[in-house]
Amino acid sequence: MTDDFLRLVSQANPASRRYQPASNGYPPSGSTVPYSDNQSPQLMDPFFDDEDDNAADSAFGRPAPMQSQESGLPLARSAAPPAGVGGSKISLGGGFPQGWNFDDDDFRPADGSAFSESASFPRLKHPPHKPPVSKTRKWKWPWRKEKVSTGERIIALNSSAANADFCSNFISTSKYNVLSFVPKFLFEQFSKYANLFFLFTACIQQIPGVSPTNKYTTIAPLAVVLLASAFKEMQEDLKRHQSDSELNSRLAKVLTPQSTFTEKKWLDIQVGDVVRLENNDFIPADLIIISSSEPEGLCYIETSNLDGETNLKIKQASPHTAPLTSPSLVNALHGSLRSEQPNNSLYTYEGTLDLISDGGIPKQIPLGPDQVLLRGAQLRNTPWAYGLAVFTGHETKLMRNATAAPIKRTAVEHQVNLQIVFLFILLLALSVGSTIGSSIRTWFFSSSQWYLFESTSLSGRAKGFIEDILTFIILYNNLIPISLIVTMEVVKFQQAQLINSDLDMYYARTDTPALCRTSSLVEELGQIEYVFSDKTGTLTCNEMEFRCCSIAGTAYADVVDDTKRDGEDGKDGWKTFAEMRSMLESVNDPFLDGPSTSQTTVAEQERNVMHEFLTLLAVCHTVIPEVKDGKTVYQASSPDEAALVAGAELLGYQFHTRKPKSVFVNIRGQTQEFDVLNVCEFNSTRKRMSTIIRTPEGKIKLYTKGADTVILERLSKNQPFTEKTLVHLEDYATDGLRTLCLAFRDIPEQEYRQWASIYDQAASTINGRGEALDEAAELIEKDLFLLGATAIEDKLQDGVPDTIHTLQMAGIKVWVLTGDRQETAINIGMSCRLISESMNLVIVNEENSKDTQNFLTKRLSAIKNQRNSGELEDLALIIDGKSLGFALEKDLSKIFLELAIMCKAVICCRVSPLQKALVVKLVKKNQKAILLAIGDGANDVSMIQAAHVGVGISGVEGLQAARSADVAISQFRFLKKLLLVHGAWSYRRLSKLILYSFYKNIVLYMTQFWYSFFNNFSGQIAYESWTLSMYNVVFTVLPPLVIGIFDQFVSARILDRYPQLYILGQRNEFFTKTAFWLWVANALYHSLILYGFSVILFWGDLKLSDGFDSGHWFWGTTLYLAVLLTVLGKAALISDLWTKYTVAAIPGSFIFTMCFLPLYAVVAPAIGFSTEYSGIVHRLWTSSVFYFVLIFIPIFCLVRDFVWKYYRRTYMPSSYHIAQELQKYNIPDYRPRQEQFQKAIKKVRATQRMRRNRGFAFSQTESAGKQDQAKIIRAYDTSNARPSGY
C-alpha cells in the first residue's frame, strides 16, 4: 500500500486518532516531496547566481498542507501555510527520524526491567554537574564559515543547565562590530580603484629624491577622504545597532523552577525556557506551543512581520500538552524535545516530544508546523499561551531568512571604476612619454647640458628611467581626482537626507518618514526598469471592507453617488444602507392610509428577502466572536469572512456568541438562537460554502454563498432577481470589488433526515472522504432561491492605481509576486490598474513540466507571429507557483523570461519566498537592467536583497523587510516620487558631478604636461605643491558638492507631469562613454588654450616696473588662477538651478581663493612652511597682465562651450530641454483631454472582460479535502470562562 493511502486511512478513520506514530507527516515520506532526488530540476546550476546555498525548503511551490493528526483538528491553510511539508533539507533522517521507535513492546529492555534511562531519555531530575557557562557572546571571524549542524537537536525540558550550550537570543543586524569595522571598511574602500591608486602614489611619494611635490600632499587628503567615509559608515551602522539594542532589551515572562514567572530581557531567553505570551505580545524566539487559554490549545497569531498578511493564522498545541494550563503542571513535564536543526524554511517543522510519565513510561508526541510560533509574529485574540523556546537568536527561522546584507555596487560606480582605469592608462602614457622625453635629453643632449651632471653609466640611466616614471606619476597623479570618491559619498549621503526629510513621503498616520538606509544606491533609483512588488501589505492593506450589496434586485451601498442614485441606461437607482435599515424597521400601521395591497406585498417580499440575506451573512460562516472592551471582535481565518459578518452587524444583524452546536444573533435588539446542523465547507473546486440551520421557529434552511458561476447553475427556475443581480455584479466587478452570490432554500424535515444519513455516511468514509462529502453536499445544494450578491473591497493602499499607471508611463515594467490565489491576484491587478481592460491575459496553470513547456512555447511563437504581422496587443502574464517552479528550470527559464518580457504586466501567484528571489535573479542575470524589489514581510527579504535596489514598506512595528531594505517607505504610492523625482535628480546630479570632477582635474594637470615640453622633461612643477593639493580639497570642492546636492535639471512638478522623462535615466543618457570622452576632449582643449595663451603672454618672461623679471611662480600662479576661473565658469554653465548655495560655491570659491592665496603667500614663507611664494604678493596682485589673463583667457575658453550649448538647445533639443522651457515660461499643456470618451470605452471593455473573468471573494480558507473549520467552530463555546494560566 502506498504512503498516500495509509495517510488517507489514518486521517479519515476516527479510531486511529488516539495514538499515531510520530512519522505520520513528520517527516513526510519521500512520495510527498515536490522534487525527489531522482528528478532534480537543476534550478540554480549554473544558470542562476549560486548565492543561495541555504535555499529555503519552501523554494519550489507550496506542497500539500501540514497534516496535524494528533489533534484531530487537521489545520491546513488556516494555519501558517506550509511551504515544504516534505523535502526539508535538514530532516531528521530517512523515512523515519533517527532513533524513533514505534513498537510499544520495544520500550522495555530485554531483561524486562522497568525503564531507567537512555541517550534519548536522559534522567533529568539530577542533571550532571556542569561548570557555569559564561553569558558572553561568541565572536567569530567574518571569513569563518558557519558549521552546519546535522542530525537532531536534543532539548531537555525544565533543565536550563542541560541547554546551556545553545546560542543566546541576542540578535544583530548591523554591518560592523568593534573588531570587524577596520578590516571590513578598508577592504570596501580599497576595492575602489581611485583609493588604491592614491595609496600607491602616497607610498612612492615617500621615496627620497623621487617626488617633485611634498611627501604628504597625497596621504593627507587620502586620510581625510577615508575618515569622512568612515564617519558616514559609522553613522549608518549606529542606527542598526540602536534598533538591535531596543529589540534585545524587550521583556518577556519566563517560567522559573518555583512555578512563578519572572521578567527577562529577550536576549537572556535560552533554548528550553518556557515563555508566557499575552495578547498582542510579539514572540521573542521560535516556540513550541504547550497550551493556551483557548479550547483544545488553539491560539491565533498575526504574521504580518513575516509574510505581510494581517489575517490571523491558527496554531494549536498537541492534545497531550493542551491541558497543562498552570505553571506547576508545565514544571512537572520531564523528558526531552528532539527537534530538527535550525533552518530557514518558514513553513515547515519536524520534531518529537519525548515525555516520561511519573511511572517512568515514555511517550512520544509528534510535532509539526501547527505547533510552532515563529519569532517576529504576534499573539492575537488569545489572552495567553505557553511556549517552549526551541530556536533562539540567529538560529530562529526569521533570522535565518535575514541573510547578511550584501554589499551592493551601482552601475555608475562600476563605470567610474572603469573610467579611473582609462585615466590611469592615460596617466601612465603621459608619464612614459615624459620619461622618454627626459631620457632623450639624458642620452643625447647630456654633453651640451654638462652643467646638469647627468649620469652616463648604463645602470645609472636605468635607475634614472625608473625614478623619472615614478616622478611623473606623482606629478600627474591628480588626473584622477582624489576628492571624487569622498565628494560622491558626501553627495549621496546628503541626497539620502533629502529623501528622509521629504514631507511628501512622510506618513502622518504612523508618524513614519522615508528612510534611506543605503545612501550609496541613490542614483540607481533613477535608472529602474523593473519593479518586483509583493501584493499583500504592499499594494493592499489586507483590510476587507463590506462596500455594496444587491438584495432582491436593488443595489445598496454605504454612500451612493448622485449619478447612481438616479439610475442610468434604464437601470434602477441605488439606495443607501440607511434606507435599507429604515425599510427593515418599518412596520405597517393598520390605522394609517397605506399603499395598495399589491405594493404592500412587494415591499413585504423585499423585506423577507432582506431578512434572509442578512441572516445568511450572520449565520453562514466559521467566524469566532470575542468581546474586547465592550466591543465584539471577530476572529476569522479569512478577512473576507470577517468583513461579511461585520457588514451584517452594521445592518442590524449582530452575531455575538458561538456554542458547539448553535450561534446567537442579535436581530434589531432581540437575540435569536440558530442551531447549526451541518457545515459544507469551502474549497477551490466547490467555490462555495453552505450551512444547514434550524431557525428559532423550527424550520430547516440551507444557506449558501459562493462564486456567481456555481450559484447560478444551482438555482431553481423562474428566479425574479437574476438579471438585475447580474447587472450589479458586473458593476461591482468593473470597480475591482470581490463578489459573492447568496442563495437559500427551505428543506422539508423528511428530506433533511434522508440527506443527513448520506452525509454521516460520507463523513465516516475512510478512503476519499473529502470527495464523498463534496458529493453529499451536491445532493442538497439545488433548487436554490437567489437572494442577491455582496461586494467586498480588498482595500488598496491610497494612490496605488495612480502610482502603477505612472510607473508604466515612465517605462517601468511592474511584476507582482504574491503568495495569494490566482483569482484574488487578478482581481487586485485589475483594481490597481496593473492589468487594463484592453490587455489580453496569458494564464499559465499547468500540472507538470512538459505541459508548462508546451504551453509557453506555443504562446511565445503565437505572440511573435502576431508581433511580426504588425499587431501590437498589450499582454499580461499570470502564472501560478507550481507552473513557475517548472518555468524556472534551466531549460525552460529562457523561454519563460522571453515571454514575460514581451508582457506589459506579470503576476506570479502562490509563490514561495525563494521563488520570488529566483524570478528577480533570472531577470537580473539575463537583462542589462536595474531592478527594484518592494515588499513588507520577512518572506520578501530574499527578493529585496536579490534586486539591485530593495525597498521595504515600514510603519508597522518591527517589519523585517524594512530592516533589510536599502530604502524604507511607509506607503507604496511614495515610490512614485522616490523614483521619478529623487531618483531622476540623483542620477542626473551624480552624472554631472563625476564628469565635472574628471574635467576640472584634467584641465589643471594637462597644463603641467604641456609645461614638460618647455622644462626639458625635468619633472619641474608649474605650481606650488600645497596650492596644487588645495585645488581639489579646498578651492574646487564646493561646486561639485552643490551641483550634486541641489541641482535640478527640471522641477518635481514637471517630472511628475511628464513621467516619460524618467526614460532618460533608464537609457543612461547622461553618463555614457561618449559623454565621458567628450568631457575629456573638452578638458584637453581648455588646458591647451590656457597654457598656450599664458606662455604667449609671458614669452621671454615679463619685465616688471621695478626692472626685475616676473619669474616662475608669478607665471605659475597666474595660470593656476586662470584655470580655476575657467573650471568655475564651466560649473556655472552646467548648473540648471541657481540657489544661494550655488552662488556661495561658484563665485564664492573664486573670491575665497583670491583672498586666501595672498594671505597664504605671506604666512607660509614667513614660518618656513613653503618658500616658493616669498615676496610674490605685492608683485602679482598689482600687475595688469595678471588681471588681463584672468579675464581674457577663461572667456575665450568658455565661448565655445556657450555656443555649443546654444546650438544644441536651439537645433537639436532633447526632451528635457523642452521640459525646461515649459517650466521656465510656464507654458500650459494643451494635450486633448478625452476623459469622458475614455471612461465610456473603459466601461464597455471592463464589462466584456468581467463577464469572462470575475474575481470572487473567498469566504473561507481552503482545507484540501479535510473538514477542519467545522471542527474548530464546534470546539468553541464563547459563553464559558477561560483558564487564567496562573
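- The side-chain heavy atoms of L277 and F282, taken from C-beta on, include no pair separated by under 4.5 Å.
- Note that CG of D936 and OG of S970 are 12.0 Å apart. Values are rounded to the nearest 0.5 Å.
- Remark: side-chain polar atoms of K315 are paired, donor with acceptor, to backbone N or O of P369 under 3.5 angstrom.
- Under the 3.5 Å distance criterion, with hydrogens and angles disregarded, no donor-acceptor pair is assigned to the side chains of N279 and R380.
- In this view, Q242 satisfies the side chain to side chain contact (heavy atoms under 4.5 Å, CB included) rule with no residue, not counting sequence neighbours.
- The side-chain hydrogen bond (donor to acceptor under 3.5 Å, both in side chains) test applied to K916 returns D534, D940, not counting sequence neighbours.
- Using a 3.5 Å distance cut-off with no hydrogens or angles, the side chains of S180 and N177 do pair a donor with an acceptor.
- Remark: side-chain polar atoms of N163 are not paired, donor with acceptor, to backbone N or O of I155 under 3.5 angstrom.
- Here the closest heavy-atom approach between residue S259 and residue N331 is recorded as OG-ND2, 3.0 Å.
- Using a 4.5 Å heavy-atom threshold, the side chains of T818 and V911 count as separate.
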Audit row: E395, R153, salt bridge (charged side-chain N to carboxylate O under 4.0 Å, His left out) steps and yes/no
CA-CA 12 Å; E395 292 184 340; R153 140 182 301 217; 2.5 Å; yes
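- How far CG of L374 is from CE of M399: 13.5 Å, rounded to the nearest 0.5 Å.
- Not counting sequence neighbours, the partners of A968 by the side chain to side chain contact (heavy atoms under 4.5 Å, CB included) test are L515, S954, A962.
- Residues E294 and Q316 have side chains not in contact (no heavy-atom distance under 4.5 Å, counting atoms from C-beta outward).
- Considering every non-hydrogen atom in both V330 and N158, the closest pair reads O-ND2, 3.1 Å.
- The side-chain hydrogen bond (donor to acceptor under 3.5 Å, both in side chains) search around D281 returns none, not counting sequence neighbours.
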Taking it one step at a time, do K397 and E340 satisfy salt bridge (charged side-chain N to carboxylate O under 4.0 Å, His left out)?
CA-CA 12 Å; K397 290 180 182 278; E340 67 182 16; 3.1 Å; yes
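- Partners of Y176 by ring pair (Phe, Tyr, Trp, His ring centres under 6.0 Å), not counting sequence neighbours, listed by chain and number: F181.
- Residues C299 and I289 have side chains in contact (heavy-atom distance under 4.5 Å, counting atoms from C-beta outward).
- One finds the CD1 atom of I301 at 10.5 Å from the CD1 atom of I314 (value rounded to the nearest 0.5 Å).
- Counting all heavy atoms, side chain and backbone alike, Q270 lies closest to A389 at O-CB, 3.4 Å.
- Remark: E233 does not engage K184 in a salt bridge, criterion side-chain N to carboxylate O under 4.0 Å.
- A heavy-atom distance below 4.5 Å is not found between the side chains of L367 and T352.
- Looking only at side-chain heavy atoms (C-beta outward), V390 and V271 stay at 4.5 Å or farther from each other.
- In this structure R517 satisfies the salt bridge (charged side-chain N to carboxylate O under 4.0 Å, His left out) test with no other residue, sequence neighbours excluded.
- Scanning for side chain to side chain contact (heavy atoms under 4.5 Å, CB included) contacts around N248 gives F170, I171, D244, L267, with sequence neighbours left out.
- In terms of the ring pair (Phe, Tyr, Trp, His ring centres under 6.0 Å) criterion, F972 has no residue partners (sequence neighbours excluded).
- Put simply, the side chain of Y349 does not reach to within 4.5 Å of the side chain of Q371, judged on heavy atoms.
- Evaluation of the side-chain hydrogen bond (donor to acceptor under 3.5 Å, both in side chains) rule for T518 yields D966 as partners, not counting sequence neighbours.
- Taking both residues in full, the closest heavy atoms of A917 and A946 are given as O-CB, 4.2 Å, listed atom of the first, atom of the second, then distance.
- Applying the salt bridge (charged side-chain N to carboxylate O under 4.0 Å, His left out) test to D273 and every residue at least two apart in sequence or in another chain returns K264.
- Atom CZ of R276 sits about 12.5 Å away from atom OG1 of T260, to the nearest 0.5 Å.
- Residues T392 and A285 share a closest heavy-atom pair of CG2-CB, 4.1 Å.
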Kindly indicate, with the supporting measurements, whether the criterion side chain to side chain contact (heavy atoms under 4.5 Å, CB included) is fulfilled by L333 and L355.
CA-CA 7 Å; L333 280 176; L355 297 181; 3.8 Å; yes
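- Nearest heavy atom pair, residue L255 against residue P327, reads CD1-CB, 3.6 Å.
- Annotation: side-chain hydrogen bond (donor to acceptor under 3.5 Å, both in side chains) contacts of S328 (sequence neighbours excluded): S326.
- Within the 4.5 Å cutoff, the side chain of K363 has heavy atoms near those of the H320 side chain.
- The side chain to side chain contact (heavy atoms under 4.5 Å, CB included) search around S245 returns S249, not counting sequence neighbours.
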